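Throughout, a chain's letter reflects where its sequence line sits, starting with A, and its residues are numbered from 1. In this text the structure is predicted, and so the values were computed from the model without any measurement.
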Amino acid sequence: MEKQDFLYDFLILLQRLVAKQVKFQRLGNVKRVCAVDVAYKGNTGIAVAVCDGDEKEVHKVTGKVSFPYIPGLLFIREAPIMLKALEGTHPELLLVDGHGIAHPRRSGIATVLGVLLEVPTIGIAKSRLVGDIVEENGVKYLVIQGERVGVKQGKYYFSPGNLVTLEDVVQFSRSGYPELLREADKLSKEYRRELEP
DNA sequence: GCGACAG
DNA sequence: ATCTTGTCGC
């Protein structure tokens with residue numbers, strides 16, 4: 001897909017629509033938390049959703065992922081298979097591998113999933129997409145044009161997806177990289193190995 | 001035009 | 001993300 005394609009422009013319109021639906025509200029005490037990640041074997045995607053709470057739960061889904069990765073448009077490549085893996089899970093908080101509003105249009109994959117599922121989400125990425133680091137009171141904020149859109153903790157970037165506040169995210173980030181996401185990442189790569197070459 | 005660019 | 005060996009450090 002090229003940048004001059006109609007589809008490219010259309011996807012950006014959808015992201016702007018999603019961004020308008022975001023609500024920032026304080027996150028209450030949550031018991032059930034889920035995390036999603038995707039691994040690949042060629043064009044086959046392996047999405048894993050791990051949930052914690054009363055009982056641990058793991059959902060695995062594999063399927064063809066043909067859309068290429070384009071910076072800023074990760075959601076169209078990974079959100080579909082992630083949604084499939086999240087079917088039946090009912091998280092009170094969802095952790096997503098990727099950015100939330102720390103995005104050119106404030107519409108990263110964690111935001112898209114949070115709006116579609118109407119669930120609180122936090123995006124956690126291993127690298128920066130946009131923004132600058134501005135430290136204040138020991139907190140490294142990710143700032144885009146003067147607006148705080150996330151925080152950097154260690155080598156990871158945390159940003160609100162939907163239905164949480166930046167304060168919630170700052171608090172959450174203090175615990176470091178979530179064990180649940182680490183597990184989803186580990187399991188997806190683990191399932192990948194037992195796929196027919 | 002040049003540099004940057006989640007997974 | 002994935003392809004990949006050894007190497008530096010706790």
Side-chain angles (χ1 to χ4, degrees), chain A residues 1-5 8 11-12 14-16 18-19 22 35-50 60-86 94-116 121-133 140-145 147-162 166 169 172-173 176-178 180-197:
Chain A
M1 184 179 76
E2 303 296 331
K3 283 194 172 184
Q4 59 269 34
D5 284 352
Y8 183 87
L11 292 175
I12 286 177
L14 287 182
Q15 289 185 316
R16 296 203 166 109
V18 167
V22 174
V36 281
D37 192 17
V38 184
Y40 296 88
K41 174 120 183 175
N43 293 315
T44 298
I46 304 96
V48 170
V50 183
K60 177 187 69 171
V61 165
T62 67
K64 188 87 170 180
V65 175
S66 48
F67 212 95
Y69 163 69
I70 297 172
L73 294 181
L74 175 65
F75 87 100
I76 196 60
R77 171 174 168 79
E78 299 195 337
I81 194 170
M82 280 184 169
L83 280 173
K84 196 68 180 177
L86 288 166
L94 175 61
L95 309 178
V96 184
D97 190 341
H99 292 289
I101 63 169
H103 179 280
R105 293 167 290 282
R106 310 294 188 276
S107 193
I109 191 168
T111 297
V112 173
L113 291 178
V115 168
L116 290 178
T121 58
I122 292 178
I124 298 157
K126 303 177 190 66
S127 60
R128 183 193 68 90
L129 175 58
V130 287
D132 307 298
I133 299 301
K140 292 174 179 171
Y141 291 96
L142 232 194
V143 177
I144 300 179
Q145 298 166 33
E147 180 189 356
R148 289 177 175 177
V149 296
V151 296
K152 183 177 187 197
Q153 170 63 273
K155 40 189 280 198
Y156 301 101
Y157 298 80
F158 297 68
S159 62
N162 189 35
L166 178 60
V169 174
F172 187 84
S173 71
Y177 194 73
L180 219 51
L181 258 183
R182 203 183 301 285
E183 199 167 338
D185 175 78
K186 173 175 167 293
L187 288 177
S188 63
K189 289 174 179 171
E190 191 173 299
Y191 287 134
R192 178 183 57 183
R193 308 190 63 202
E194 49 197 57
L195 244 56
E196 303 174 32

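In this structure, the side chains of Phe75(A) and Leu11(A) come closer than 4.5 Å at one or more pairs of heavy atoms. Counting only heavy atoms from C-beta outward, the side chains of Asp37(A) and Val48(A) never approach each other to under 4.5 Å. For the pair Tyr156(A) and Pro178(A), the minimum side-chain heavy-atom distance is 4.5 Å or more. At least one side-chain heavy atom of Ile46(A) sits less than 4.5 Å from a side-chain heavy atom of Lys60(A).
Evaluated for a side chain to side chain contact (heavy atoms under 4.5 Å, CB included) with Asp185(A), the options Lys189(A), Glu183(A), Arg182(A) yield exactly one hit, Lys189(A).
Under 4.0 angstrom from either OP1 or OP2 of dA1(C) there lies at least one side-chain N or O belonging to Lys189(A). Considering only side-chain N and O atoms, Arg128(A) lies under 4.0 angstrom from the phosphate OP1 or OP2 of dC5(B). An OP1 or OP2 oxygen of dC5(B) is reached within less than 4.0 angstrom by no side-chain nitrogen or oxygen of Ser127(A).
As a whole-Å value, the separation of Ile124(A) CD1 from dG7(B) P is 12 Å. Taking atom CG of residue Asn43(A) and atom P of nucleotide dC3(C), one finds them 13 Å apart after rounding to whole Å. Following rounding to the nearest Å, Leu73(A) (CG) and dA1(C) (C1') show an atom-to-atom distance of 16 Å. To the nearest angstrom, P of dA6(B) lies 17 Å from CG of Asp185(A). Atom pair Leu74(A):CG and dA4(B):P shows a separation of 21 Å (rounding to whole Å applied). Between the NE2 atom of His103(A) and the C1' atom of dA6(B) there is a distance of 8 Å, rounded to whole Å. The interatomic distance linking Ile76(A) (CD1) with dA6(B) (C1') rounds to 15 Å, in whole Å. Counting to the nearest Å, the P atom of dC5(B) and the CZ atom of Phe75(A) are 21 Å from each other.
Stacking of Tyr40(A) onto the six-membered ring of dA1(C) is not present when judged by under 5.5 angstrom between centres and under 30° between planes.
Val22(A) and Val115(A) get closest at one heavy-atom pair: CG2-CG2, 4.1 Å. Smallest separation of non-hydrogen atoms from Ser159(A) and Ile101(A): OG-N, 3.7 Å.
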Could you go over nucleotides 5-10 of chain C and give all protein N or O partners under 3.5 Å, atom names and distances?
none

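The residue Gly72(A) sits close to a base: some heavy atom pair falls under 4.0 Å.
In this structure, CZ in Arg106(A) is found 12.0 Å from CD in Gln15(A), a value given to the nearest 0.5 Å.
Relative to the ring axis of Tyr40(A), Arg77(A) places its NZ or CZ within 45° and under 6.0 Å from the centre.
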**Dot-bracket line, read 5' to 3' along DNA chain B, where crossing pairs take [ ] and | marks a partner on another strand, Watson-Crick or G-U under 3.5 Å** = .......
